[in-house]
*Asks:* 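Below is one structure. I have some questions about it.
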Amino acid sequence: MRRLIVIAHLTLHEALRRRVLLAALIGGAAFLALYAIGFHFIVRDLAHQTRITLLERRVALNGITLAGLFAVNLLTVMSAVLLPLDTLSGEIASGSIQTLAAKPMRRAEIVLGKWLAHVAVVLGYLAVMAGGVLLVARFTADFVPPAIADGLPLMAIEAVLLVSISIAGGTRLSTVTNGMAAFGLYGIAFVGNWVEQIGTFVNNAAARNVGTVASLIMPAEALWQRAAWFMQPAIMRDLHATPFSPVSVASPAMVWWAAGYAIVAVLLAVRGFQRRQL
Amino acid sequence: MNGLAVETHGLRKRFGATLAVADLSLSVRRGEVFGFLGPNGAGKTTSLKMLLGLVSPSAGRVSVLGARLGDREARARVGFLPEHFRFQDWLTGRELLRFHGRLFGIPAAELERRADRLLTRVDLADAAHRKLREYSKGMVQRIGLAQALINDPDLVFLDEPTSGLDPLGRRLVRDVIKELKARGTAVFLNSHLLGEVEATCDRVVFIQRGRTIREMALGTDAAVIEVELRLGPHDGATLAALARIAVAAPAPAADGRTVRLTVAGEDALSAIAPLLVERGVTLYEMRAGRPSLEALFLEIMGEGQRPG
Ligand SMILES: Nc1ncnc2c1ncn2[C@@H]1O[C@H](COP(=O)(O)OP(=O)(O)O)[C@@H](O)[C@H]1O
Ligand SMILES: [Mg+2]
């Protein structure tokens, strides 16, 4: 356990000083700045509109906040896949893993240490970015979306899931192949989910099933949809007022599926690395 | 606990169609400096990785420090410098040693003491605070050596430790190996730089295409000695007398004064001069030397061998 922490510490140290994280942070800061400015002008505009009802104002603010969180979700997905992408495959390719694997520790400790560090980094990133969006809404318009305590944890599960998949892939695949595979999976989930939304809207059972299967293959996007579904009032969901008001929302079973998926990915990562010839 | 640092029986490793190690049986005693020699691609690195548990054997038995493969207590007493030492190059030399020491569970104060001692020993005390990225190839190799010794191991695996080093660096490695031997640490040295091996090893094994083809001790008493004599006028009887103490018959050179012969050890060597004095033959010069490992290597591997 102590050695796991040493590995996690080193990995964290490494992740924090890498350019890719710096790029994610700069990109995130730029996004938050733009978002704050945009939000500010929209709120000013809403204040001038005399005929707008209180409800309409709320729907508009909630929609913009969700749009911000949607962008945060995408940035987090990117970070969750890219940051841990070469943590194992890169060290295997360079051979620097050899001195680690020869130490008196289990290979599982190396994998779990690296996993832990990347989960911490990506969740930290999510917290900063989602917190930024919520603070902008809070201070610009005095608006707080409902049920963030239900929604944000789902986004966190999504991030952990993708980190786990990225690390599991790194035990078997080269860095580039791993990246293609992870984004490929996410692409299936993303497209599948929109097929599901449209299929539900036009009442096409086949399209709905495509979406469900896609979500089972890769539950990430379904988690975001469910998170968005939580963070808006019932009336918005019923009216499908914004693109972030899903017509068809994942059931709690899908959340369990995703959690189980993440655990299996971590176990596969450990097993893959244990069997790997270094 | 048996007296062997490393023992293998019928060790084999196949990578797909490549048979990297065919059938390796060897033993390394505790405290011994053991040279593992062979041309490139002979399977030295693969064998060593199997001993360290980095690569799983396709067949065969292994024990390291008396424990089965992968035993963590045994690994705590093993040091390892890989062939191409690479590490997170954004760490400083000292941070690297700290990190490795922590993985061995060495307490902080003790770790600092050892890091100081090793940094000085590998002549990197000045560079301890610099990032590995700024290190030269030789400096990386030396910090890698320090890393391999941070746990005061009983057994150290060094895979081509001098490949990136200049003559000074090589001498440093040679001296470190001698110090390890003096402390009773067994050293398993992979190399194709025969001069290094010759200067440090107690025993060597030659391997080729994953098989042991020759094992020999390099101690002072064991090896044959080649002698070259420059003599005054002498007769056939003198040559015949020399032939009796030689293992290979004396070969008189065309100049009629130089004679070359090979003797089995130092006792035979010491008998040459009295023999000549007794027969009244003037001895102008006597040179004795062991055949270089390089000559042996070429002979054992076969002259027809193409560079690997
Ligand atoms: N991971 C691997 N996959 C496939 N072949 C390998 C692998 N590692 C080594 N080999 C092959 O095994 C043989 C022995 O290599 P190696 O042990 O590195 O030799 P040496 O260290 O003596 O130069 C070579 O033919 C090499 O190409
Ligand atoms: Mg090698």
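Every chain is numbered from 1 and lettered A, B, ... according to where its sequence line falls, protein lines coming before strand lines.
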*Asks:* Given that the side chain runs from C-beta out, which part of A:Arg275 has a heavy atom under 4.5 Å from chain B: side chain, backbone, both or neither?
*Replies:*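 Neither part.
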*Asks:* Below 4.5 Å from any heavy atom of chain B, which atoms of A:Arg3 appear? Answer side chain, backbone, both or neither.
*Replies:*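 When you check distances to chain B, atoms from both the backbone and side chain of A:Arg3 fall under 4.5 Å.
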*Asks:* Mind listing the closest non-hydrogen atom pair of B:Arg133 and A:Arg17 along with its distance?
*Replies:*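 In this case the closest contact between B:Arg133 and A:Arg17 is NH2-NH2, 3.5 Å.
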*Asks:* Measure distances from B:Gln147 to the heavy atoms of chain A and classify the residue's part below 4.5 Å as side chain, backbone, both or neither.
*Replies:* side chain
*Asks:* Once you round to the nearest 0.5 Å, how far does CG of B:Asp89 lie from OG of A:Ser94?
*Replies:*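 Going from CG on B:Asp89 over to OG on A:Ser94, the span is 9.5 Å.
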*Asks:* Answer with yes or no whether the side chains of B:Lys49 and A:Gln277 bring together a donor and an acceptor at under 3.5 Å.
*Replies:*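 Per modelled atom types, A:Gln277 and B:Lys49 side chains form no pair under 3.5 Å.
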*Asks:* Take a 6.0 Å sphere around CZ of B:Arg61 and say whether it holds more than 12 heavy atoms from other residues, nucleotides or ligands.
*Replies:*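 Counting other residues, nucleotides and ligands, CZ of B:Arg61 stays at 12 neighbours or fewer.
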*Asks:* Is it true that atom CH2 of B:Trp90 has more than 12 heavy atoms of other residues, nucleotides or ligands lying nearer than 6.0 Å?
*Replies:*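 Check passes, neighbour count above 12.
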*Asks:* Check each atom of B:Phe157 against the heavy atoms of chain A and say whether the ones under 4.5 Å are side chain, backbone, both or neither.
*Replies:* neither
*Asks:* So which part of B:Leu91 gets closer than 4.5 Å to some heavy atom of chain A, the side chain, the backbone, both or neither?
*Replies:*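 For B:Leu91, side-chain heavy atoms alone lie under 4.5 Å from chain A.
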*Asks:* I'd like to check A:Ile7 versus B:Leu103 (side-chain heavy atoms, cut-off strictly below 4.5 Å). Are they in contact?
*Replies:*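 They are in contact (side-chain heavy atoms under 4.5 Å apart), so the answer is yes.
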*Asks:* What's the spacing between B:Leu96 CG and A:Thr99 OG1 if we round to 0.5 Å?
*Replies:* 7.5 Å
*Asks:* How far does NE2 of B:His100 sit from CG of A:Leu100, to the nearest 0.5 angstrom?
*Replies:* 6.0 Å
*Asks:* Hey, could you give me the CZ/CD distance between B:Phe80 and A:Gln98, rounded to the nearest 0.5 Å?
*Replies:* 5.0 Å
*Asks:* Could you tell me whether the side chain of B:Gln88 reaches within less than 4.5 Å of the side chain of A:Glu14, counting heavy atoms only?
*Replies:* yes
*Asks:* Within a radius of less than 6.0 Å around CZ of B:Arg183, do more than 12 heavy atoms belonging to other residues, nucleotides or ligands occur?
*Replies:*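 More than 12 within 6.0 Å, yes.
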*Asks:* Hey, which of A:Arg107, A:Arg106, A:Arg276, A:Glu91 has the most heavy atom pairs under 4.5 Å with chain B?
*Replies:*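 Most pairs with chain B among the choices: A:Arg106.
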*Asks:* Among the options A:His9, A:His13, A:Arg2, A:Glu109, pick out the one with the most heavy-atom pairs lying under 4.5 Å from chain B.
*Replies:*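 Result: the option with the highest number of such pairs is A:His13.
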*Asks:* Is the backbone of A:Ala93 close enough, under 3.5 Å, to the side chain of B:Arg86 for a donor and an acceptor to pair up by distance?
*Replies:*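 Such a contact is absent between B:Arg86 side chain and A:Ala93 backbone.
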